[in-house]
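Okay, structure first, notes after.
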Amino acid sequence: MTALGFLYPGHSAEDDYPRIEQLLGSDIRVDLVHTDIGEDAHRVDALRQLGAPERLAAGVEQLRLAGAEAVVWACTSGGFVHGWQGAHEQVRALARSAGMPASSTSFGFVHAAKEIGAARVAVGATYPDDIAGLFAEFLRAGGVEVTALRGSGVVSAAEVGTWGEAQVLALARDADTPDADAVLLPDTALHTAAHLPALEETLGKPVLTANQVTVWEALRLTDRRVNAPSLGALFVREPIVQV
């Protein structure tokens with residue numbers, strides 16, 4: 001059994017995680033601890049507070065007791081809003097606090113894009129344009145070219161959590177460009193786990209979504225690879241380790 005730990009702010013799309021655990025279909029356990037969300041706003045000052053060290057540290061003891069082998073801060077905007085260097089410092093502090101390997105969804109996107117060979121990506125963000133722009137800057141700092149960026153102006157994670165499949169598909173289609181190797185949907189408040197096959201079939205290319213990438217990043221930290229085609233192209237890479 002490989003136990004994966006996640007610190008997830010609030011409750012907007014928490015049900016993606018048990019769904020992903022089921023779709024992995026192997027000896028993978030997903031443990032989710034909710035962190036204090038504070039002010040639910042896609043605004044730089046609120047997002048910086050969202051990922052403050054004390055808020056993340058408050059959840060790690062529960063993950064340790066659950067036997068987690070790695071922990072991922074399951075919030076994209078609460079990572080990249082600190083910039084490339086600041087996000088590294090955030091993850092290092094989390095690793096020290098948790099006493100285990102740590103990462104964040106923001107770094108998961110960079111690593112996942114490279115895993116599938118996506119040098120150029122289009123981004124469909126639920127965020128306001130200024131926050132979406134910070135994510136694009138983060139990707140570029142990680143060596144990933146952004147061909148197009150679409151923001152949706154949604155201010156709160158709670159509102160994002162109400163989006164259904166039609167809205168998710170529309171966001172991805174509107175963001176896509178012919179020269180993009182993949183499309184990225186970066187909000188962990190967005191339900192996407194059930195929509196990955198439809199997204200990739202509609203666009204004809206890999207789609208990376210926040211909760212999918214978050215779980216993949218935790219597997220990467222524990223040196224696990226699981227063949228789970230229903231979770232998209234990211235989960236059919238070789239070499240495969242399947243139990």
Side-chain angles (χ1 to χ4, degrees), residues 4-10 33 35-39 41-60 63 68 70-149 151 157 182 184-189 208-222 234:
L4 310 176
F6 302 94
L7 297 173
Y8 185 88
V33 170
T35 63
D36 177 23
I37 198 169
E39 183 181 3
H42 288 144
R43 213 177 55 240
V44 170
D45 60 331
L47 291 171
R48 285 182 174 272
Q49 284 301 311
L50 182 66
E54 61 273 14
R55 278 189 166 151
L56 301 188
V60 298
L63 291 177
V71 58
V72 178
W73 168 223
C75 179
T76 322
S77 56
F80 70 70
V81 75
H82 296 278
W84 185 256
Q85 214 39 56
H88 272 286
E89 293 168 6
Q90 180 186 60
V91 165
R92 282 195 292 267
L94 177 58
R96 287 195 299 270
S97 173
M100 66 184 82
S103 188
S104 68
T105 306
S106 292
F107 287 116
F109 271 109
V110 173
H111 298 149
K114 293 179 178 179
E115 172 75 5
I116 63 172
R120 299 176 303 280
V121 303
V123 175
T126 53
Y127 318 128
D129 288 344
D130 62 329
I131 303 301
L134 294 177
F135 181 57
E137 289 178 16
F138 188 90
L139 293 173
R140 293 184 186 109
V144 180
E145 181 184 344
V146 178
T147 66
L149 175 64
L184 277 53
L185 306 181
D187 198 337
T188 58
L208 300 178
T209 70
N211 294 321
Q212 167 217 38
V213 159
T214 300
V215 174
W216 178 86
E217 179 73 351
L219 288 167
R220 187 188 68 82
L221 290 177
T222 58
L234 179 62

### Query
Can you tell me how far OH of Tyr8 sits from CG of Asn211, rounded to the nearest 0.5 angstrom?
5.5 Å

### Message
Ignoring hydrogens, what is the shortest heavy-atom contact between Gly79 and Ala87? Give both atom names and the distance.
### Response
O-CB, 3.6 Å

## Note on the structure
Nearest heavy-atom contact between Leu185 and Gly124 is CD2-O, 3.4 Å

### Message
With heavy-atom distances below 4.5 Å as the criterion, would you say the side chains of Leu7 and Leu63 are in contact?
### Response
yes

### Query
What is the distance from atom NE2 of His111 to atom CD of Glu115, rounded to the nearest 0.5 Å?
11.0 Å

### Message
Return the NE2 to CG distance between His42 and Leu134, rounded to the nearest 0.5 Å.
### Response
12.0 Å

### Task
Locate the shortest heavy-atom distance separating Leu221 from Ala70; write the atom from each residue and the value.
CB-CB, 3.8 Å

### Lys114 side-chain N/O to Gly142 backbone N/O, donor-acceptor pair under 3.5 Å
yes

### Task
Please list all pairs passing the salt bridge (charged side-chain N to carboxylate O under 4.0 Å, His left out) test where one or both residues lie in residues 119-139, with sequence neighbours left out.
Arg120-Asp181

### Query
So which pairs with a foot in residues 140-149 pass side-chain hydrogen bond (donor to acceptor under 3.5 Å, both in side chains), sequence neighbours left out?
Thr147-Thr177

### Query
Taking only residues at least two apart or on different chains, which pairs with a member in residues 42-56 satisfy salt bridge (charged side-chain N to carboxylate O under 4.0 Å, His left out)?
Asp36-Arg55, Glu39-Arg43, Arg43-Asp45

### Message
Under a 3.5 Å distance rule, please check whether Gln90 uses its side chain to pair with a backbone N or O of His82 as donor and acceptor.
### Response
no

With a 3.5 Å cut-off and sequence neighbours excluded, list the donor-acceptor pairs that the side chains of residues 97-108 form with protein atoms.
{"from": "Ser103", "atom 1": "OG", "to": "Glu217", "atom 2": "OE2", "distance (Å)": "2.6"}
{"from": "Thr105", "atom 1": "OG1", "to": "Trp73", "atom 2": "O", "distance (Å)": "3.2"}
{"from": "Thr105", "atom 1": "OG1", "to": "Cys75", "atom 2": "N", "distance (Å)": "3.3"}
{"from": "Thr105", "atom 1": "OG1", "to": "Thr214", "atom 2": "OG1", "distance (Å)": "2.7"}
{"from": "Ser106", "atom 1": "OG", "to": "Thr76", "atom 2": "O", "distance (Å)": "2.7"}
{"from": "Ser106", "atom 1": "OG", "to": "Phe80", "atom 2": "N", "distance (Å)": "3.1"}

### Task
Return the set of residues passing side-chain contact (heavy atoms from CB on, under 4.5 Å) with Ala112 (not counting sequence neighbours), or none when no residue passes.
Leu208, Val213, Trp216, Leu234

### Query
Any idea how Phe138 and Trp84 line up, ring-wise: parallel (<30°), tilted (30 to 60°), or perpendicular (>60°)?
tilted

### Query
Mind checking what makes side-chain contact (heavy atoms from CB on, under 4.5 Å) contact with Ala218, not counting sequence neighbours?
Leu4, Phe6, Val72

### Message
Before you tell me yes or no, could you show the steps for Phe109 and Val121 under side chain to side chain contact (heavy atoms under 4.5 Å, CB included), namely the whole-Å CA-CA distance, both residues' side-chain angles and the distance that decides it to 0.1 Å?
### Response
CA-CA 11 Å; Phe109 271 109; Val121 303; over 6 Å; no

### Task
Applying side-chain hydrogen bond (donor to acceptor under 3.5 Å, both in side chains), name anything that partners Thr126, two or more places apart in sequence or on another chain.
Asp187

